[in-house]
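A short worksheet on the structure shown next.
Small disclaimer: the values here were computed from a predicted structure and weren't measured. Sequence lines set the chain letters: A, B, ... in the order given, protein chains first and strands last, and positions in each chain run from 1.
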Amino acid sequence: DSGVTQTPKHLITATGQRVTLRCSPRSGDLSVYWYQQSLDQGLQFLIQYYNGEERAKGNILERFSAQQFPDLHSELNLSSLELGDSALYFCASGSLDRPNTGELFFGEGSRLTVL
Amino acid sequence: QQPVQSPQAVILREGEDAVINCSSSKALYSVHWYRQKHGEAPVFLMILLKGGEQKGHEKISASFNEKKQQSSLYLTASQLSYSGTYFCGTDIYTGTYKYIFGTGTRLKVLA
């Protein structure tokens, strides 16, 4: 158990819909990272927050948005869903604003299926 | 920008050795290695820092060549449990620091 909690674990929805994925980081961790992993593909960086502020942004679509709340949990909002958005979405947390001297802890992921 | 890993895939017999490489076009300040079992979350294996410091909690070794912007992961006397996809991870500076992963290497260990 990494200590990172993601909900829901599985989500099936239709094209055009909107979903929210939730992540609670490990106790004490200030950084939250979001990654997208399409079927048998690599981990694509979406966005990072540190202590409530956006720290870095990857190739995140405009239809996607995220935020980190004062209690440090984070939400990833995906709207106008398309078939290609079907993927495993991972959240990871770390204690530093940059993980260069520490590890990231991953949640179990939220598997999104868009039909 | 994404670090390139080689080989893309490798199949081993138990007890055999393997080397996985990670190469970046950007300067590397540290390299992390993770292993992901199918359908599971990536799990941290090791971190390598500039200056040669290493931190990890598994019996897996690695090297980091800062000048060549490369890192290699050495798996010796492989076990069935080593099967999975290995990713290198690193901070890349492109105006801001982004923590990104390499292209991945699939490793399968056969009995």
Side-chain angles (χ1 to χ4, degrees), chain A residues 1-7 9-10 21 23 25-26 29-50 53-60 87-113, chain B residues 1-6 8-9 22 24 26-58 64 66 71 84-106 108:
Chain A
D1 182 8
S2 67
V4 179
T5 303
Q6 287 189 249
T7 57
K9 285 187 169 43
H10 300 276
L21 309 180
C23 170
R26 280 193 331 154
D29 282 355
L30 300 179
S31 271
V32 170
Y33 303 74
W34 286 98
Y35 292 89
Q36 179 193 54
Q37 187 173 42
S38 300
L39 187 63
D40 292 332
Q41 298 297 312
L43 295 155
Q44 300 303 315
F45 172 68
L46 294 178
I47 198 163
Q48 179 206 349
Y49 284 86
Y50 178 75
E53 293 187 3
E54 182 183 304
R55 185 55 61 104
K57 189 178 276 192
N59 297 325
I60 187 168
L88 195 52
Y89 290 85
F90 283 107
C91 163
S93 76
S95 58
L96 306 173
D97 61 339
R98 289 176 56 199
N100 49 342
T101 58
E103 65 184 276
L104 295 188
F105 296 87
F106 282 80
E108 294 183 352
S110 292
R111 183 172 294 282
L112 173 67
T113 302
Chain B
Q1 295 181 5
Q2 184 179 26
V4 177
Q5 291 182 228
S6 63
Q8 288 185 318
C22 172
S24 174
K26 298 278 189 180
L28 296 176
Y29 302 98
S30 66
V31 176
H32 303 177
W33 286 94
Y34 289 80
R35 178 171 60 213
Q36 183 181 29
K37 302 276 187 180
H38 185 68
E40 299 181 7
V43 174
F44 172 81
L45 295 176
M46 173 169 287
I47 179 174
L48 301 105
L49 305 172
K50 280 183 119 173
E53 183 181 354
Q54 298 187 13
K55 292 192 291 184
H57 48 74
E58 283 208 23
F64 179 23
E66 302 156 26
S71 177
T85 302
Y86 289 78
F87 292 99
C88 60
T90 188
D91 255 350
I92 294 287
Y93 184 76
T94 57
T96 58
Y97 283 100
K98 301 174 186 177
Y99 191 77
I100 62 175
F101 289 90
T103 50
T105 295
R106 292 189 187 181
K108 188 168 181 61

Atom group of Q1(B) that falls short of 4.5 Å from chain A, counting heavy atoms:
neither

For F87(B), which atoms come within 4.5 Å of any heavy atom of chain A: side chain, backbone, both, or neither?
side chain

Please confirm whether the backbone N or O of F106(A) pairs with a side-chain atom of S2(A), one donor and one acceptor, at under 3.5 Å?
yes

Do the rings of H32(B) and Y99(B) sit parallel, tilted or perpendicular, given the 30° and 60° boundaries?
tilted

Who among E40(B), Q2(B), Q36(B) has the most heavy-atom pairs with chain A under 4.5 Å?
Q36(B)

Distance-only side-chain donor-acceptor flag, S31(A) / Q48(A), under 3.5 Å:
yes

Min side-chain heavy-atom separation R106(B)-T85(B) under 4.5 Å:
yes

Side chain, backbone, both or neither: which part of Y35(A) has a non-hydrogen atom closer than 4.5 Å to chain B?
side chain

